[in-house]
Amino acid sequence: MDARDNHYHPQAIEPALQAEWDSANAYCASEDATKPKFYCVSMLPYPSGKLHMGHVRNYTISDVMSRQLRMRGFNVLHPMGWDAFGLPAENAAMKNNVPPAKWTYENIAYMKKQCKAMGWGLDWSREVATCDPAYYKWNQWFFLKMLEKGIAYRKTGVVNWDPVDMTVLANEQVIDGKGWRSGAPVEKREIPMYYLRITDYADELLANLDKMDGWPSEVRLMQKNWIGKSVGAEIHFPYDEDSIGKSGVLKVFSTRPDTLYGATFMAVAAEHPLALQAAQHNAGLTAFIEECKKGGVTEAEMATQEKKGMPTGLFCLHPLTQKKLPIWVGNYVLMGYGEGAVMGVPAHDERDFAFAKKYELRIQQVVSWPQREIPPSPPLSKGGAESGGFADQWQDWYSDDGVAIASEDFTGLTTAQFKEKVGAVLSAIDLGGPRTTFRLRDWGVSRQRYWGTPVPIIHCADCGPVPVPYADLPVVLPEDCVPDGSGNPLNKRDDFLKCACPKCSKPARRETDTLDTFVDSSLYFMRYASAGAPTMVDARNDYWNPMDQYIGGISHAILHLLYARFWTKVMRDMDLLKYDEPFTKLLTQGMVLNHIYLRKNDKGGIDYHAPDSVEAKHDEHGKVAGYVSKLDGKPVEYNGVGTMSKSKLNGVDPQEIVDKYGADSARLFVMFAAPPELTIEWSDAGVEGANRFLNRVWRFVSGVTDVKATFDWKSSDATNQSPVDSGWTPQAVPEGDRDRLKRDLSNIRNARLELHKTLSQATFDYGRAQYNTVVSACMKMLNTLEKVPTDSPAGVALRAEGTSILLRTLYPVTPHITTALWRQVGYEKLHGSLLDAPWPEVAADALQQDEIELVLQINGKTRGKVTVPSKATREEVEELVRADETVLKYVGDATIKKVIVVPGRLVNVVI
RNA sequence: GCCCGGAUGGUGAAAUUGGUAGACACAAGGGACUUAAAAUCCCUCGACCCUCACCGGUCGUACCGGUUCGAUUCCGGUUCCGGGCACCA
């Protein structure tokens, strides 16, 4: 770091600075009531082995934000932890025959080293790993609290069952309806599990979304749709002993109770009690119900499968007409949603329409629309097409609101009026009434897996499931098990399994299910804030939270964020914290993708080629015409972009980039490539460009001298020391080019205007976290400063002013190089560390202009520019424009209809 | 299937949210420096037309249509790509 050395060596400056920050605890935050706080968190990573580019992007975004706001005077907390439980550790354990714990802790150690090498200013004193008993004790503690309050409860739930490996499979482990290891067709199976009553909070989770203006609107909309509030009616269809063998009602929920008279059949889920009852004496139906159990449990799979049904032979009565309606079993009816049964209204519901067409069920129109009519079609070949229109093809408007027809007393009512009235009518005859439902389902937290937080329950033959006493927490997970793919290895561990019932002290069996990892990630940001607290949270939690800024992948838009919101509300209701929503602002970052190249081999298989082994061939216009392998020169096929993965050979190891170009170059590129929300496609060429820019910064700042004498940027009257007033006159500019004259940056005033305009843009863009244009602003600053002449005091002064601005503006993105230069130039001795340097201010005098250029449009087409005094009023501008040569030329004999003046921007003359 | 996004030069993108489309870069091409290379610096760079050249013109933000003096931006429709769908995290 010799001041005269003209070369930038990241390998020399980066590790040294990192060690310095480390030993000075430069990023350890403490609660300080004298400053505004800023709590900034990137979603904690899963310790998969090495950092990937997505992590680099995520933590660089939060680091840039944290560093900039610290300069703006905030007390910043930027902590880090590890989402250490989960499936991948079990898979790695099976593959390598090592316990998940060992694998996980080794990964954490390595990745932590990598984090430090990236120069992220993280407060490691608050680090958590969710697999640490001291951490998951609080999962267990709060689970028991929720059990006490009735928020956690036990009921059966449906899981994927691999009948060969005799194990529960995650959705990810079901491929094309088959177990990923056994290849056996997967079945649905019902088992007892614990659930959390998130649906009790559905209304608040929904209502608050409107107020959460720090969240992207699309995320709020996704959550709103996910919660899925539907207002409608519950309708009871009675049945009696004659038709079913016992009397009762078949309950359904409908958002369109106004189509009640159009119900021509009922459909129930395969697991519905009536379906099971009917199947007892019906072998065909039994087989059909068995068939419905095949396949996985995901909604996507359910929704895309072919809609099938079978009549149960049972009937119920229409609550208002007393007509008999056949009850069918339909594979598209979900037991988990509503009542597990629906009324079929084929004329006004697309799904029912398709079902009715397939099984030739009656279609009865009960809504009409002015100027629209469902075209009648021929009667059915079989079944009872008695009346009503019957269209061949579903039209979207069949489900539109309209006016009721063929609906007895309701006929003539609008859809809204009908809905309003029908609830009361149903209530009066005790066959239903108005009702609101949610799509949201309670949160199933039991996992039949080893590597997770043990559910703190003991099963006693006499007492049933008994909570582990609080004093016995945490229930510690044995860390030396190696799963083998055939169920939870805890079931083979007597030292874990065998215990005494806390109630009756008889021998009992410990629960071997573990908690969903979404539980871990619902409280980690509170444990950061209350690091080391002997309670779940302490007063420090209410200092730091609610979090000011949360940053993570858009892929977490629903589940994680919704669960964490719910968890916070439950804690609030137990008086553990004082706020309603955990995340004030949310930034959802895009993914980092890379190109995929492949070649089909002789056997019909696919060989992938690493992007850096592929070369693009260009045609004469510079357009890419094709790709060849650098290894054999033969063509390869381009297969678009995708997430980085080992199998596609398109992963980029951030470590290689750090080793080659340094962390600052990697950080700069990742920030420059795209705004945080957008997907990035990786490009090595871009990293080199970033590195070249940093080299230029190094060379430029190394050439700046006399920073102390000529310009004291920190002095309060800095704006009065405008270099323009310091006696230097602009050099002559070649004749003939007015535009060029205006933009000539060897003119000190122009250059300083440009510098401060750019600073103003950079500051604005920091505020909206658009870091790609922040980097671009820094590049513009350097471009400007490099053109400033060195042969005048004003030029020297401007270069000094510019250097102090550039280093501070660039610092949050590339802290190493800027800190090194800050010292080299001598600012650290003068003004202290860059860590807490004040954010540069835009000098008002630099932005003053006597004349400004407005864009001139004639009829909305750009026809040139007009120069007007910057203080000109709208009327004065209009007057100037009416006299402008260009305007006169275009107007000719025509008359000017009006002149639109957009102050400071443009003038549009309408002819 | 349902919900939410996205699409701008050869490439990544910008346009402070209705006001000059392509800032800032990457790649490419040309030039300077150099014995040479690297590094560095300078110039050109959306398409088409006119022109010796300058000047100038037309088109152009996935596609079709609309609102507006003016649309990458707002509205309706279409196509393709990405994310989520409750046990990947």
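Small disclaimer: the values here were computed from a predicted structure and weren't measured. Order of the sequence lines fixes the chain letters, A, B, ..., with proteins taken first and strands second; residue numbering starts at 1 for each chain.
Remark: A:Gln305 engages A:Met302, A:Asn331 in a side-chain contact (heavy atoms from CB on, under 4.5 Å) (not counting sequence neighbours). Taking A:Asn772 as the reference, A:Pro675, A:Gln770 meet the side-chain contact (heavy atoms from CB on, under 4.5 Å) condition, with sequence neighbours excluded. Residues passing the salt bridge (Lys or Arg N to Asp or Glu O under 4.0 Å) test with A:Arg692: none are found, sequence neighbours excluded. Shown here are the salt bridge (Lys or Arg N to Asp or Glu O under 4.0 Å) partners of A:Asp520, two or more places apart in sequence or in another chain: there are none. Residues satisfying the side-chain contact (heavy atoms from CB on, under 4.5 Å) criterion with A:Gln448, sequence neighbours excluded, are A:Val159, A:Val168, A:Ile191, A:Met193, A:Ser446, A:Asp513.
Stems are defined here as 3 or more consecutive Watson-Crick or G-U wobble pairs with pairing distances under 3.5 Å; those involving RNA chain B are B:1-7 with B:79-85, B:10-12 with B:24-26, B:28-32 with B:40-44, B:46-49 with B:56-59, B:62-66 with B:74-78.
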Measure all distances between protein nitrogen or oxygen atoms and nitrogen or oxygen atoms of nucleotides 37-42 of chain B, and list the pairs falling under 3.5 Å.
none

Taking N or O atoms only and anything under 3.5 Å, show me the protein contacts with nucleotides 2-5 of chain B, one pair per line.
residue : atom : partner  : partner atom : Å
B:rC3   : O3'  : A:Asn225 : ND2          : 2.7
B:rC3   : O2'  : A:Asn225 : ND2          : 3.0

Between the protein and nucleotides 11-22 of chain B, which nitrogen or oxygen pairs are less than 3.5 angstrom apart?
residue : atom : partner  : partner atom : Å
B:rG12  : O2'  : A:Ala673 : O            : 2.6
B:rA13  : OP1  : A:Thr679 : O            : 3.4
B:rA13  : O3'  : A:Asn772 : ND2          : 3.3
B:rA14  : OP1  : A:Asn772 : ND2          : 2.9
B:rA15  : OP1  : A:Arg768 : NH2          : 2.6
B:rA15  : OP1  : A:Gln770 : NE2          : 2.8
B:rG19  : N2   : A:Gln857 : OE1          : 3.2
B:rG19  : N2   : A:Asn908 : ND2          : 3.3

Sub-3.5 Å pairs of nitrogen or oxygen atoms, protein against nucleotides 56-58 of chain B:
residue : atom : partner  : partner atom : Å
B:rG57  : OP1  : A:Arg863 : NH1          : 3.4
B:rG57  : OP1  : A:Tyr890 : OH           : 2.8

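Picking from B:rG83, B:rG1, B:rA86 the nucleotide with the shortest atom distance to the side chain of A:Tyr563 gives B:rA86.
Comparing the same atom, P, in B:rC33 and in B:rG46 gives a spacing of 28 Å after rounding to whole Å. Nucleotides B:rU72 and B:rA62 place their P atoms 9 Å apart, quoted to the nearest Å.
Listed by residue number, A:Met193 are the residues of residues 187-196 of chain A with a heavy-atom contact under 4.0 Å to RNA chain B.
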Distance-only criterion, 3.5 Å: show the donor-acceptor pairs between side-chain atoms of residues 41-49 of chain A and protein atoms not counting sequence neighbours.
residue : atom : partner : partner atom : Å
A:Ser42 : OG   : A:Asn58 : O            : 3.1
A:Ser42 : OG   : A:Asn58 : ND2          : 3.1
A:Ser42 : OG   : A:Ser62 : OG           : 2.8
A:Tyr46 : OH   : A:Ala89 : N            : 3.0

